[in-house]
Amino acid sequence: LNSECDPVNDIVTVPWEPDCVAAAIGLVHFRSHGRITEVCGKKVQRLYFKTYGKDEHNLIMEGYDEPFSTVAFFGLVSDGTSLWAVGIDGIYEIEKGGVVRLIPFPKFKEIGGVGVSFDLHNFVLVSTSINQRRALSGSTPMLIRR
């Protein structure tokens, strides 16, 4: 975790490690970059990342252990057993042991100029461009637990 370069967008307690927190990290500025990181005391480790895009330049560069472009994550919640992260390409369920499931974004309805989806049982998705001045990510999806 590089506190000067990695924007932390959300923090939540890890359900299977109650003394630890997980952080959603992500920024889109020409390319996407992010991950889900776990912090337990002074120990910091990556829980999950996913390569974004199929660009031939998206290789793992020497001295790094991630591709140049990865999925940026903007929201993170816990349902008591899993972590749920909203990335630029969908919603991720992360379970203990590293099991990950990707759920595509549902359709958004415009309500008062804001995109909203109530299609997920436990969550509300809100699409906002509040971060537009800092990043070129366009609308940023936010995940809110019901």
Side-chain angles (χ1 to χ4, degrees), residues 1-53 58 60-61 63-146:
L1 180 64
N2 182 340
S3 61
E4 293 181 19
C5 298
D6 291 333
V8 175
N9 297 312
D10 218 340
I11 298 172
V12 67
T13 301
V14 178
W16 55 87
E17 291 285 343
D19 293 332
C20 303
V21 295
I25 297 169
L27 178 68
V28 179
H29 189 75
F30 299 106
R31 291 221 182 212
S32 172
H33 194 73
R35 74 190 72 77
I36 304 297
T37 300
E38 180 183 68
V39 179
C40 297
K42 293 184 179 184
K43 181 181 172 190
V44 178
Q45 68 180 3
R46 182 181 53 221
L47 280 180
Y48 181 76
F49 80 93
K50 180 180 155 193
T51 301
Y52 186 70
N58 198 21
I60 296 176
M61 298 180 294
Y64 294 89
D65 63 350
E66 290 180 1
F68 184 68
S69 187
T70 54
V71 171
F73 292 97
F74 295 106
L76 189 62
V77 295
S78 169
D79 67 2
T81 57
S82 298
L83 291 171
W84 292 82
V86 61
I88 60 171
D89 63 345
I91 300 141
Y92 292 76
E93 180 183 16
I94 304 169
E95 297 176 344
K96 182 178 182 177
V99 177
V100 177
R101 180 172 61 118
L102 174 62
I103 301 165
F105 284 123
K107 299 274 185 201
F108 286 85
K109 298 178 195 174
E110 188 174 321
I111 301 174
V114 176
V116 179
S117 174
F118 297 97
D119 290 351
L120 298 173
H121 178 68
N122 294 326
F123 307 102
V124 176
L125 279 169
V126 178
S127 181
T128 176
S129 58
I130 195 168
N131 202 28
Q132 192 74 32
R133 291 182 53 181
R134 292 189 184 164
L136 302 175
S137 57
S139 292
T140 301
M142 294 171 32
L143 188 63
I144 302 157
R145 188 168 174 200
R146 289 187 195 209

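- For the atom pair OG (Ser127) and CE (Met142), the distance works out to 10.0 Å, reported to the nearest 0.5 Å.
- Atoms CZ and CZ, on Arg35 and Arg46 in that order, are 7.0 Å from each other to the nearest 0.5 Å.
- Val71 approaches Thr51 most closely through the heavy-atom pair CG2-O, 4.4 Å.
- Side-chain atoms of Arg146 come within 3.5 Å of backbone atoms of Phe118 as a donor-acceptor pair (strictly under, hydrogens ignored).
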- Kindly indicate, with the supporting measurements, whether the criterion side-chain contact (heavy atoms from CB on, under 4.5 Å) is fulfilled by His33 and Leu27. CA-CA 6 Å; His33 194 73; Leu27 178 68; 5.7 Å; no
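- Note that the CZ atom of Phe74 and the CG atom of Asn9 stand 6.0 Å from one another [nearest 0.5 Å].
- The main-chain N or O of Ser32 is found under 3.5 Å from a side-chain atom of Ser69 such that the two form a donor-acceptor pair.
- Panel note: side chain Thr70, backbone Gly34; a donor-acceptor pair is recorded below 3.5 Å.
- The side-chain heavy atoms of Ile36 and Ile25, taken from C-beta on, include no pair separated by under 4.5 Å.
- Smallest separation of non-hydrogen atoms from Ala22 and Leu47: CB-CD1, 4.3 Å.
- Between Glu17 atom CD and Cys40 atom SG the span is 5.5 Å, to the nearest 0.5 Å.
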Give the table of side-chain donor-acceptor pairs shorter than 3.5 Å for residues 77-94, with sequence neighbours excluded, one pair per line with atom names and distance.
residue : atom : partner : partner atom : Å
Ser78   : OG   : Gly80   : N            : 3.1
Asp79   : OD1  : Thr81   : N            : 2.9
Asp79   : OD1  : Thr81   : OG1          : 3.2
Asp79   : OD1  : Ser82   : N            : 2.7
Asp79   : OD2  : Trp84   : NE1          : 2.9
Ser82   : OG   : Glu93   : OE2          : 3.0
Asp89   : OD1  : Tyr92   : OH           : 2.8
Asp89   : OD2  : Lys50   : NZ           : 3.0
Asp89   : OD2  : Tyr92   : OH           : 2.9
Tyr92   : OH   : Lys50   : NZ           : 3.2
Glu93   : OE1  : Arg101  : NE           : 3.1
Glu93   : OE1  : Arg101  : NH2          : 2.8

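- Annotation: side chain of Val116 is not in contact with side chain of Leu125 (no heavy-atom distance under 4.5 Å).
- A donor-acceptor distance shorter than 3.5 angstrom exists from the side chain of Asp10 to the backbone of Leu76, with no hydrogens or angles considered.
- Glu110 is linked by a side chain to side chain donor-acceptor pair (under 3.5 Å) to nothing, counting only residues two or more places apart in sequence or in another chain.
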